[in-house]
Amino acid sequence: MNRTVKRIVAGEPGVDGAGVHLTHVLSRHTMHDSDPLLLLDAFDATDPEKYTAGFPMHPHRGIETISYVYKGTMVHRDSLGNEDAISDGGVQWMTSGSGILHEEKLPPVERLFGVQLWLNMKAEDKMAEPAYTPIRSEEIKEIPFDGGTLRLLAGRYEDNKGYISKYQPVDYYDVHIDPGKKFEMAVDEDRSITLFTLIGEAEVEGERIENFRAAILNSGDTLAIDNKTGEEIAVLVFISDPIKEPIAWRPGPIVMNTEEELDRAYDEIKKGTFIKDAIHMNK
């Protein structure tokens, strides 16, 4: 049975960090439908004044952040001592686990274009050791299919393997579909699938998904995405196992299972005891 659309989510413009203009798509109002995907923010700007203020140092706990920089550059710096830049087609994968401080600088470029996801972590993993992993554009496999090309950002596709998440099984694709063509694959009917139309618009079982919208899909054993337009389209496909645990998340960068755990995390931030690693940010 082909997957059908359960819910289409249109983004809302917003400003985050120190003044970065974004489109907020998935968030707390969709977190149970898109489990384990918590957040999806998309960015597309040609005016540096709309993003160069960046995201100053801030904490995270209980999640993994996955930034796909389709165009432009993102510079990451964190409390583990990492400082790294990803450009044009690369991915930054950060495991916050027990707690990390990080900042994202966005230098001026011709176009800043991409997506950041927040991936939930299971209760047993939320206090895991934090980590940062860059996935360079040249490391990402580009796999042709009849009607387009799939960039394997993470996980597996057929016999191909990309970056494998240590905690949550994730298959993350950037699927480019030629005009009038289709992308189709067999999927486990119990896995959660969310799509995002990065470039152009797509159709799933006759339902149109306009540009810069997310589609949360129903269960089924086949995923079919149609391009009925006259231009190449790009659809981000995110496939994972639902965690099905309580989610405690106020507006902010901490996601836990209970309100008590949230209180403890924010109290630790105030007391300066939030970071559990021996390595701290060099002042």
Side-chain angles (χ1 to χ4, degrees), residues 3-17 20-44 55 60-68 93-94 96 114-123 125-126 153-155 165 167-175 187-199 201-205 207-220 223 225 234-259 261-262:
R3 295 269 180 152
T4 58
V5 174
K6 177 179 183 179
R7 182 176 180 183
I8 293 177
V9 186
E12 296 183 358
V15 179
D16 211 336
V20 179
H21 291 246
L22 299 169
T23 300
H24 299 297
V25 186
L26 303 180
S27 63
R28 291 186 304 148
H29 69 287
T30 56
M31 63 186 184
H32 294 292
D33 283 343
S34 60
D35 176 26
L37 189 56
L38 295 169
L39 176 144
L40 189 159
D41 280 346
F43 44 91
D44 186 8
F55 299 89
H60 283 292
R61 177 178 286 176
I63 63 170
E64 298 191 273
T65 66
I66 309 165
S67 301
Y68 181 31
W93 192 295
M94 187 185 78
S96 68
V115 172
Q116 183 175 93
L117 309 178
W118 288 11
L119 174 64
N120 200 9
M121 300 179 75
K122 295 177 183 177
D125 298 326
K126 281 191 177 291
L153 305 182
S165 170
Y167 300 102
Q168 183 68 18
V170 170
D171 297 326
Y172 187 21
Y173 311 143
D174 174 10
V175 182
V187 294
D188 185 327
E189 65 180 38
D190 294 325
R191 302 194 82 195
S192 171
I193 301 182
T194 299
L195 311 179
F196 180 72
T197 45
L198 185 69
I199 300 172
E201 62 180 48
E203 283 194 20
V204 171
E205 288 300 286
E207 185 140 8
R208 181 169 163 247
I209 309 164
E210 296 179 45
N211 183 233
F212 254 47
R213 282 165 169 74
I216 301 167
L217 304 187
N218 288 309
S219 61
L223 171 63
I225 306 171
V235 181
L236 301 184
V237 178
F238 189 88
I239 306 173
S240 191
D241 296 341
I243 292 177
K244 299 180 181 179
E245 292 179 351
I247 302 172
W249 181 18
R250 302 165 195 161
I254 313 294
V255 183
M256 302 301 288
N257 294 95
T258 68
E259 290 296 320
E261 290 170 334
L262 281 182

Student: Under the 3.5 angstrom rule, does the side chain of T258 hit a backbone N or O of E261 as a donor-acceptor pair?
Tutor: yes
Student: Per the side chain to side chain donor-acceptor pair (under 3.5 Å) rule, which among W93, W118, Y167 passes with E64?
Tutor: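 With E64 as partner, side chain to side chain donor-acceptor pair (under 3.5 Å) holds for just one option, W93.
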Student: Identify the heavy atoms of M256 and L262 that sit nearest to each other, and give their distance.
Tutor: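 That closest heavy-atom pairing would be CG-CD2, 3.9 Å.
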Student: Checking S240 against Q168: is there a side-chain donor and acceptor pair closer than 3.5 Å?
Tutor: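 Yes, a side-chain donor-acceptor pair sits under 3.5 Å.
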Student: Considering all heavy atoms of both residues, which atom of G220 and which atom of V187 are nearest to each other, and what is their separation?
Tutor: O-CG2, 3.5 Å
Student: Side chain to side chain donor-acceptor pair (under 3.5 Å) with E210: which residues, sequence neighbours excluded?
Tutor: none
Student: Taking all non-hydrogen atoms of both residues into account, name the closest pair between D241 and P169 and its distance.
Tutor: OD2-CG, 3.2 Å
Student: Could you tell me which non-hydrogen atom of Y172 sits nearest to which non-hydrogen atom of L236, and how far apart they are?
Tutor: OH-CD1, 3.6 Å
Student: Indicate yes or no for a side-chain donor-acceptor contact from T197 to the backbone of R213 under 3.5 Å, with no hydrogens or angles considered.
Tutor: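 Flag set: sc T197 to bb R213 pair under 3.5 Å.
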Student: Judged by atom type as modelled, is there a donor-acceptor pair below 3.5 Å linking the side chain of H21 to the main-chain atoms of V15?
Tutor: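 No; judged by distance alone, with no hydrogens or angles, the pair does not exist.
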Student: Could you pull out all residues at least two apart from S67 that satisfy side-chain contact (heavy atoms from CB on, under 4.5 Å)?
Tutor: M74, Q92, E104, Q116
Student: Name all residues meeting the side chain to side chain donor-acceptor pair (under 3.5 Å) criterion together with H24; count only those two or more places apart in sequence or in a different chain, and write none if there are none.
Tutor: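 In terms of side chain to side chain donor-acceptor pair (under 3.5 Å), with neighbours along the sequence ignored, H24 is linked to D41.
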Student: Going by an N to O cut-off under 4.0 Å, is there a salt bridge joining D35 and K244?
Tutor: no
Student: Within this structure, what is the CG-OG1 distance for the pair L40 and T194, rounded to the nearest 0.5 Å?
Tutor: 8.5 Å
Student: State, yes or no, whether a side-chain contact exists between N257 and I247 at a heavy-atom distance under 4.5 Å.
Tutor: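 A side-chain contact is absent here, since even the closest heavy-atom pair is not under 4.5 Å.
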Student: Between the main-chain N or O of T30 and the side-chain N or O of S34, is there a donor-acceptor pair closer than 3.5 Å?
Tutor: yes
Student: To the closest 0.5 Å, what do you measure between CG (L22) and CD (E12)?
Tutor: 13.0 Å
Student: Would you check if the side chain of R3 reaches a backbone N or O of L223 as a donor-acceptor pair within less than 3.5 Å?
Tutor: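 No, because the side chain of R3 does not come within donor-acceptor range (under 3.5 Å) of the backbone of L223.
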Student: Check L119 against L38 and note the closest heavy-atom contact, atom names and distance.
Tutor: C-CD1, 4.3 Å
Student: Counting only N and O atoms by type, is there a donor-acceptor contact under 3.5 Å from the side chain of N211 to the main-chain atoms of E201?
Tutor: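 No: the side chain of N211 does not pair with the backbone of E201.
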Student: Look up atom CD1 in I239 and atom OH in Y173, then write down how far apart they are to the nearest 0.5 Å.
Tutor: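 Going from the CD1 atom of I239 to the OH atom of Y173 covers 4.5 Å.
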Student: To check you understand the geometry: which heavy-atom pair defines the closest contact between V255 and K126, and what is its length?
Tutor: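 Looking at all heavy atoms of both residues, the shortest contact is O-NZ, 2.9 Å.
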Student: Working to the nearest 0.5 Å, report the span between CD1 of I193 and CD1 of I216.
Tutor: 12.5 Å
Student: Is the F238 to F196 ring centre distance short of 6.0 Å?
Tutor: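 No, they do not, as the ring centres are separated by 6.0 Å or more.
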